[in-house]
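I have placed the structure first, in the form of structure tokens, so that the comments after it can refer back to it.
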2 protein chains.
Amino acid sequence: MSWNLTSDRPIYAQLIEQMELKICSGVYPLGSKLPSVRELAREASVNPNTMQRALSKLEESGLLYSVRTSGRFVTEDKNMIKETKKRIAREQIQELLKKMTDLGFDQQEILSMLNDMAKELKK
Amino acid sequence: MSWNLTSDRPIYAQLIEQMELKICSGVYPLGSKLPSVRELAREASVNPNTMQRALSKLEESGLLYSVRTSGRFVTEDKNMIKETKKRIAREQIQELLKKMTDLGFDQQEILSMLNDMAKELKK
DNA sequence: ATTATTGTATTAAGCGCTTAATACAATAAT
DNA sequence: ATTATTGTATTAAGCGCTTAATACAATAAT
């Protein structure tokens with residue numbers, strides 16, 4: 001899962017989202033040390049300030065913490081990551097159900113379309 | 001389905017998205033006349049220029065057309081709306097599958113969570 | 001001991017988005 | 001005939017986002 005940024009939303013918001021995914025999926029394991037701000041910025045092809053902004057927000061939410069001159073680390077709190085994972089999943093599903101329902105699909109159809117597309121991916 | 005705007009994305013982009021939903025779901029039926037730019041802007045609490053911007057984009061994509069001093073109308077092309085509906089549905093499902101897979105859920109779990117939340121909504 | 005690397009902070013510039021204030025021609029409504 | 005309403009266009013201002021260029025203290029690496 002590499003960085004994927006579009007111009008239709010603020011970059012720092014996309015960085016937060018993708019960083020959360022990386023943390024929850026174990027790309028950056030529990031308690032592990034992240035690459036430096038500058039390195040991460042280089043990876044994502046953004047300005048260090050922009051990456052810093054995203055990481056600061058993730059500290060506010062508790063997923064990361066930084067040690068002044070040593071580096072930045074993923075939280076040790078296994079449960080917090082688990083909860084974040086659940087939160088993202090719930091939000092994503094909610095959004096899907098809302099949008100699909102607005103479009104006029106009933107739950108039968110939604111499940112059926114999802115099943116089809118999931119099968120398609122399996123191949 | 002009323003207007004719901006957040007500050008984490010450009011307003012005009014959200015207007016396009018929600019306008020598409022309104023068209024596809026029949027809030028504004030095939031070939032019907034829309035409220036005026038000014039009226040729509042008032043409804044959504046945005047500047048007329050911003051609403052105009054969104055509507056112009058929807059004209060580019062063909063979902064709307066305008067008659068200079070008479071007003072703006074939904075396309076007569078039933079098939080185009082159907083295709084738009086499909087496109088939105090596909091995109092939304094793709095995004096869900098991608099994100100959930102990144103999070104480490106397998107297809108079994110995705111379907112099960114979706115089922116649960118769908119049932120929850122039914123109540 | 002010296003050097004390199006941390007996270008962090010600041011300033012200035014450019015850009016797109018949004019709003020506000022107008023204006024205009026065409027035509028629908030009266 | 002007059003008035004109100006269309007979509008459309010323009011200009012200026014303010015704001016947030018992003019980048020670039022620096023700088024600094026603390027400390028890890030050498």
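All values derive from a computational prediction rather than experimental measurement. Every chain is numbered from 1 and lettered A, B, ... according to where its sequence line falls, protein lines coming before strand lines.
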Taking atom P of C:dG16 as reference, at what distance in whole Å does atom CZ of B:Arg53 sit?
9 Å
Please give, in whole Å, the distance from C:dT6 C1' to A:Met51 CE?
16 Å
Can you measure A:Leu55 atom CG to C:dT6 atom P for me and round it to whole angstrom units?
13 Å
Want to know the stems of DNA chain C: at least 3 consecutive Watson-Crick or G-U pairs with distances under 3.5 Å, which are they?
C:1-30 with D:1-30
Under the side chain to side chain donor-acceptor pair (under 3.5 Å) rule, what do B:Glu43 and B:Trp3 come out as? Steps first, then yes or no, please.
CA-CA 8 Å; B:Glu43 272 183 28; B:Trp3 301 99; 3.0 Å; yes
Give every donor-acceptor pair under 3.5 Å between a side-chain atom in residues 96-103 of chain B and any protein atom, sequence neighbours left out.
| unit_1 | atom_1 | unit_2 | atom_2 | d |
| --- | --- | --- | --- | --- |
| B:Lys98 | NZ | B:Asp102 | OD2 | 2.5 |
| B:Lys99 | NZ | A:Glu17 | OE2 | 3.1 |
| B:Lys99 | NZ | A:Gln92 | OE1 | 3.2 |
| B:Thr101 | OG1 | B:Leu97 | O | 2.5 |

Give the rounded distance in Å between these two atoms: CG of A:Leu64 and P of C:dT6.
16 Å
Using a 4.5 Å cut-off on heavy atoms from C-beta on, say whether the side chain of A:Lys82 contacts that of A:Lys85.
no
note: B:Lys33, atom NZ; C:dT27, atom C1'; distance rounded to Å ~ 11 Å
Quick one: salt bridge (Lys or Arg N to Asp or Glu O under 4.0 Å) partners of B:Glu59, sequence neighbours excluded?
B:Arg72
What residues, two or more places apart in sequence or in another chain, satisfy side-chain hydrogen bond (donor to acceptor under 3.5 Å, both in side chains) together with A:Ser2?
none
Using a 4.0 Å cut-off on protein heavy atoms (strictly under), produce a 5'-to-3' string for nucleotides 7-13 of chain C with B for base contact, S for backbone-only sugar-phosphate contact, and - for none.
BBBB---
Kindly determine whether B:Asp77 and B:Thr75 satisfy side chain to side chain donor-acceptor pair (under 3.5 Å), including the steps that lead there.
CA-CA 5 Å; B:Asp77 185 344; B:Thr75 178; 5.1 Å; no
In a table with atom names and distances, give each donor-acceptor pair under 3.5 Å that connects a side chain of residues 28-37 of chain A to protein atoms at least two apart or in another chain.
| unit_1 | atom_1 | unit_2 | atom_2 | d |
| --- | --- | --- | --- | --- |
| A:Ser32 | OG | A:Pro29 | O | 2.7 |
| A:Lys33 | NZ | A:Ser70 | O | 3.0 |
| A:Ser36 | OG | A:Glu39 | N | 3.1 |

B:Glu91 with B:Arg87: basic N within carboxylate O range, under 4.0 Å:
yes
What's the CZ-P distance between A:Phe73 and C:dT6, to the nearest Å?
11 Å
Shared ILVMFWY cluster between A:Ile81 and A:Met1, side chains joined below 4.5 angstrom?
yes
What is the separation between atom CZ on A:Arg9 and atom P on D:dC17, rounded to the nearest whole Å?
13 Å
Whole-Å distance separating the OH atom of B:Tyr12 from the P atom of C:dC17:
5 Å
